[in-house]
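Just so it is clear, the model here is predicted, and its values are computed rather than measured.
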Amino acid sequence: MTRQTEHNQLSRRDTLRLAAGAGAAALLAACGGGGASPTTNATQPASGGATTVATGVTNAPATSGASGNTPAPSAAPSNAAEFVIPASGAKLPTDKVNFHWVDSGDVKAFFWNAYFPAYQKAHANIAVQYDALPWTEINKLVPLGVQNGNAPDVFQIPQGLTGGQVVQQGWVLPLDDLIPDFANWKTNFPPGSFVEGLTTFKGKTYTLPFTTNKRYATLLLYNADYLKQAGIDPQAKRVTWDEYRAAAKKLTQQGAGKYYGVIIEGAQTQRWGDIVRSLATVAGAMASGVAGPVQDMNLKTGEYAFASDQYLAAIDLLLGLKADGSVFPGSLNLNAPQARAQMPQGVAAMMLQGVWNIPQWLHDNPAFNFDVAPTPVPNSGAPMPQ
């Protein structure tokens, strides 16, 4: 397991992390201003797949790493704004060094695929390897890298672990000693952005509030042409669970083997939990929704909601889709990015995923006629907010 260095002086690798890791992109812009984000022909909401909010800056040597089996979004569009790489105040290395950044990709990759080449152009001796990986790969790659002493320099914390755990086990370094004038730099964030026990531990800051958890992870995304042909309009009123199941069955019959009612990213086990939790929450389950081990806990009682009527009913809904033959047959072998890529190919009519799909479809599949509706609601009673 990688541990924190025993000396207080910044190594060459540490200064690299300051310049190309913690100081990268928006962070560099915050230090000195002037970093312009690339623009696309689509709005870019908060990125998805990230139930974990922390990003680690490791003290392991940079490594070449391994690319995932899921391609990142295509390179930044031609109308991307030019980046201005400001001076971060760090003493940068002068010899050739490699820097490895790993995250879950999605919308983030649009930015990094444009930013890192610009950074390398400004600092020709720094080679940046950016790997946008599925969560299943991150969950394996990062712990193995820590164990072997070659973890990525910056990574998203694997699912199932908390920030406190990786800090306690020495996986990450605090940013306080890596970013010049850090106390003043933090004032660029709104009040309440840094929270002890979440981004900060024992007065040291280990991660940054890049996104918010206040986003939908299970929107009803659908092929508008298929649903119109079936006479189904999720825009007319919010779809109930029974209507969702019936629509999936009807669409599967309409597809006659060419497409199915729903597609699920079954290879990512946590997505099954996300879908069940979201449906159950709308039905009135008291899940906390907070990322981490307590997300399925009723914070009023301190008990987990797994055995609640709402959770069981949500599971029954998924089992019903399977029993009806409405699920795309290859779903168990697909991770979230792969399932997303299948939708524009026309293999399924509906999927429950997040807002991060929207800009990627608009950019990579402009001819795909899709629409968005809220998460299906219970058959009776007032739905609860997510």
Side-chain angles (χ1 to χ4, degrees), residues 48-49 69-71 106 134-136 216-280 282 313-358 360-362 364-379:
N69 55 8
T70 301
D106 296 321
W135 276 107
T136 49
Y216 287 98
T218 53
L219 289 168
L220 177 58
L221 304 165
Y222 61 92
N223 185 311
D225 293 332
Y226 288 170
L227 268 69
K228 182 178 180 181
Q229 182 181 347
I232 301 168
D233 184 9
Q235 304 298 324
K237 74 177 190 69
R238 194 163 181 177
V239 176
T240 67
W241 290 7
D242 281 353
E243 290 169 341
Y244 173 63
R245 179 177 175 179
K249 187 174 183 178
K250 183 176 183 180
L251 289 160
T252 301
Q253 294 170 344
Q254 177 178 280
K258 294 182 179 180
Y259 59 84
Y260 292 77
V262 298
I263 190 169
I264 299 174
E265 53 277 25
Q268 282 189 220
T269 53
Q270 99 285 350
R271 284 298 299 165
W272 293 102
D274 290 342
I275 294 171
V276 170
R277 184 180 309 108
S278 178
L279 292 169
V282 172
I315 293 172
D316 284 341
L317 174 59
L318 295 180
L319 292 174
L321 294 174
K322 177 179 180 296
D324 294 339
S326 300
V327 182
F328 176 66
S331 290
L332 285 178
N333 298 317
L334 299 176
N335 58 39
Q338 291 167 336
R340 175 193 312 121
Q342 289 293 323
M343 281 289 290
Q345 306 307 315
V347 304
M350 301 182 292
M351 72 185 307
L352 296 175
Q353 254 206 55
V355 294
W356 48 87
N357 292 270
I358 298 172
Q360 292 190 242
W361 283 341
L362 290 173
D364 295 337
N365 307 98
F368 178 36
N369 184 23
F370 70 94
D371 214 331
V372 184
T375 306
V377 295
N379 303 319

- Trace of the side-chain contact (heavy atoms from CB on, under 4.5 Å) decision for Leu220 with Val372: CA-CA 6 Å; Leu220 177 58; Val372 184; over 6 Å; no
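- Residues Pro378 and Trp241 share a closest heavy-atom pair of N-NE1, 3.6 Å.
- Looking at every heavy atom in both residues, Gln268 comes nearest to Thr136 through CG-CG2, 3.7 Å.
- When all heavy atoms are compared, the tightest approach of Gly261 to Thr252 is N-OG1, 2.8 Å.
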Extract all donor-acceptor atom pairs below 3.5 Å that involve side chains of residues 226-234 and protein atoms in other chains or at least two apart in sequence.
residue, atom, partner, partner atom, Å
Tyr226, OH, Gly346, O, 2.9
Asp233, OD1, Gln235, N, 3.0

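- Trp272 CH2 to Ile264 CD1: the interatomic distance, rounded to the nearest 0.5 Å, is 4.0 Å.
- Interatomic distance, Asn333 CG to Glu265 CD, rounded to the nearest 0.5 Å: 13.5 Å.
- Ala248 pairs by the side-chain contact (heavy atoms from CB on, under 4.5 Å) definition with Val262, Leu321, Ser326, Met350, not counting sequence neighbours.
- Residue pairs satisfying the ring-ring contact (aromatic ring centres under 6.0 Å, His included) criterion with at least one member in residues 327-350, sequence neighbours excluded, are absent.
- Remark: the backbone N or O of Thr218 is paired with a side-chain donor or acceptor of Thr375 at under 3.5 angstrom.
- In this structure, the side chain of Trp361 engages the main chain of Arg340 through a donor-acceptor pair within 3.5 Å.
- You'll find the side chain of Asp274 reaches within 4.5 Å of the side chain of Arg271, heavy atoms only.
- Atom CG of residue Asn357 and atom CG of residue Asp364 lie 11.5 Å apart, to the nearest 0.5 angstrom.
- Judged by distance alone, with hydrogens and angles left aside, the side-chain atoms of Arg238 form no donor-acceptor pair with the main-chain N or O of Ala373 at under 3.5 Å.
- Minimum heavy-atom separation, Leu251 to Ala349: CD1-CB, 3.6 Å.
- In this structure, the separation between CG on Leu332 and OG1 on Thr269 is 11.5 Å, given to the nearest 0.5 Å.
- Taking CG from Leu279 and OH from Tyr244, the interatomic distance works out to 8.0 Å, rounded to the nearest 0.5 Å.
- Gln353 places no side-chain N or O within 3.5 Å of a backbone atom of Leu221 that could act as its donor or acceptor partner.
- A search for side-chain contact (heavy atoms from CB on, under 4.5 Å) contacts involving Ile315 returns Val276, Leu319, not counting sequence neighbours.
- For Gln254, the side-chain hydrogen bond (donor to acceptor under 3.5 Å, both in side chains) criterion is met by Tyr259, not counting sequence neighbours.
- For residues 240-253, every residue pair satisfying the salt bridge (Lys or Arg N to Asp or Glu O under 4.0 Å) rule, not counting sequence neighbours, is listed here: Lys237-Glu243, Arg245-Asp324.
- Between Leu334 and Gln342, the shortest heavy-atom distance links the atoms CD1-CG, 4.3 Å.
- Residues Pro374 and Leu219 come closest through the heavy atom pair CA-CD2, 4.5 Å.
- How far CG of Leu352 is from OH of Tyr222: 13.0 Å, rounded to the nearest 0.5 Å.
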